[in-house]
There are 2 protein chains.
Amino acid sequence: MNIEKAIDKLKEKGYKRTKQRERILEIFSEQDQGYIPAKTILKEIQKDFPGVSYDTIYRNLYLLAEEQVLESTELDGEKHFRFHCDTHGHHHHFICTGCGKTKAVEFCPMDKIAQSLDGYAVDDHKFEIYGKCPGCL
Amino acid sequence: MNIEKAIDKLKEKGYKRTKQRERILEIFSEQDQGYIPAKTILKEIQKDFPGVSYDTIYRNLYLLAEEQVLESTELDGEKHFRFHCDTHGHHHHFICTGCGKTKAVEFCPMDKIAQSLDGYAVDDHKFEIYGKCPGCL
DNA sequence: TATTTAATTGTAATGGTTACGATTAGATAC
DNA sequence: GTATCTAATCGTAACCATTACAATTAAATA
């Protein structure tokens with residue numbers, strides 16, 4: 001996901017282009033290999049905008065996730081975000097517990113189990129693999 | 001999982017049998033169809049032990065999870081617990097977002113993707129399906 | 001430049017979880 | 001039964017991520 005493309009997407013919906021929002025997107029594009037905790041985004045953006053508030057961080061992260069610019073997950077009780085992968089189809093992630101980097105896993109188990117959930121309404125699912133990547137081993 | 005069996009398991013490791021711990025196990029056996037948030041355990045146990053502390057609840061839940069008497073997951077940023085299913089093999093769960101009840105799904109995607117994670121050390125994985133059960137639909 | 005409305009700031013509240021010193025109560029040995 | 005040892009509990013406060021909100025600022029558009 002490209003920054004300009006993301007900003008255009010927001011613009012179409014009436015959201016404004018702000019320095020803070022732009023900076024948040026930059027942070028993700030500089031480090032787009034894994035999930036980043038909200039806390040890290042805050043620290044990073046404070047280097048440029050010392051007075052940035054929690055509200056700004058969370059509002060933007062949630063908005064960006066809502067608009068599918070980012071995707072999110074919860075690790076150790078903390079919300080993490082990364083650019084949404086739109087280069088290929090639906091997939092899942094191996095997540096390195098050392099550095100946070102992810103590796104796409106091109107397999108979704110939902111196809112295999114659809115019939116076993118007859119009578120149930122499936123809204124969502126989560127499939128994540130945790131461990132250490134080659135670099136952290 | 002049976003209460004006495006669980007207590008015996010703890011006894012072997014030098015953990016004592018206490019009224020509070022016993023009550024926690026009872027609560028799970030009375031309602032063993034789904035995940036229960038820690039908060040609910042606290043409320044429930046307070047009916048019998050009004051002065052029970054957070055420390056007692058969390059210490060016991062974590063101990064029981066450690067000893068594989070319970071299994072845990074995090075839903076909406078809250079830790080949830082249920083009896084560990086040991087009647088059949090490794091499996092996953094559909095979790096009803098309405099009532100918390102679960103349905104076992106006898107399929108684990110890890111077998112299918114082992115070779116795609118060559119060079120990675122897999123420590124853990126999570127596969128959960130969320131939606132509404134027939135009763136909540 | 002004026003106007004409109006989204007966005008940000010500053011700060012406080014919330015809520016689940018964790019921590020800890022003092023006290024209590026199982027378990028075991030005598 | 002009593003003494004002793006140590007796990008367990010209690011009471012309370014701290015911690016920390018997240019959420020909330022009124023007042024202010026700043027994009028966007030005309």
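Convention: sequence-line order gives letters A, B, ...; per-chain numbering from 1.
The side chain of B:Val52 sits closest to D:dC10 out of D:dT9, D:dC10, C:dT8. Here the side chain of B:Ser53 is nearest to one of D:dC10, D:dA8, C:dG10, namely D:dC10.
Between the CD1 atom of A:Ile45 and the P atom of C:dT8 there is a distance of 8 Å, given to the nearest Å. In this structure, CD of B:Glu78 is placed 13 Å from P of D:dT19, rounded to the nearest angstrom. Rounded to whole Å, atom P of C:dG10 lies 13 Å from atom CZ of A:Phe49. Atom C1' of nucleotide C:dA7 and atom NZ of A:Lys19 are separated by 12 Å, given to the nearest angstrom. Taking atom CD1 of A:Ile57 as the reference point, atom P of D:dA20 lies 17 Å away to the nearest angstrom. Distance CG (A:Asp76) to C1' (C:dT18): 15 Å, rounded to an integer number of Å. Atom pair A:Glu22:CD and C:dA7:C1' shows a separation of 14 Å (rounding to whole Å applied). Between the CG atom of B:Asn60 and the P atom of C:dT18 there is a distance of 14 Å, given to the nearest Å.
Residue-to-nucleotide proximity on DNA chain D shows that, of B:Arg17 and B:Asp55, the 5′-proximal contact is made by B:Arg17. The nearest heavy atom of DNA chain C to B:Gly77 and to B:Thr18 marks one nucleotide each, and the one closer to the 5' end goes with B:Gly77.
With a 6.0 Å radius and a threshold of 12 heavy atoms from other residues, nucleotides or ligands, B:Asp123 has its CG atom above the threshold.
B:Asp76 contributes no side-chain N or O that, together with a main-chain N or O of B:Glu78, makes up a donor-acceptor pair within less than 3.5 Å.
Between B:Gln20 and the phosphate of D:dC10, there is a side-chain N or O to OP1/OP2 separation shorter than 4.0 Å. Here B:Tyr58 reaches the OP1 or OP2 of C:dT17: one of its side-chain N or O atoms lies under 4.0 Å away. Proximity of A:Thr56 to the phosphate of C:dT9: a side-chain N or O atom is located under 4.0 Å from OP1 or OP2. Within the structure, every side-chain polar atom (N or O) of A:Tyr54 is placed at least 4.0 Å from both OP1 and OP2 of D:dC16.
The side-chain hydrogen bond (donor to acceptor under 3.5 Å, both in side chains) with B:His92 is formed by just one residue from the set B:Lys103, B:Lys126, B:His125; it is B:His125.
Using a 30° and 60° split on the angle between ring planes, B:Phe127 and A:Phe127 fall in the perpendicular class, above 60°.
Backbone-only contact: A:Tyr15 has heavy atoms under 4.0 Å from sugar-phosphate atoms and none from a base. If you check every strand for non-hydrogen atoms under 4.0 Å, A:Arg59 touches a base.
Between A:Glu44 and A:Lys47, at least one side-chain N (NZ, or NE/NH1/NH2) sits under 4.0 Å from a carboxylate O, which counts as a salt bridge.
The base of D:dT18 has none of its N or O atoms less than 3.5 Å from a complementary donor or acceptor on the side chain of A:Lys79.
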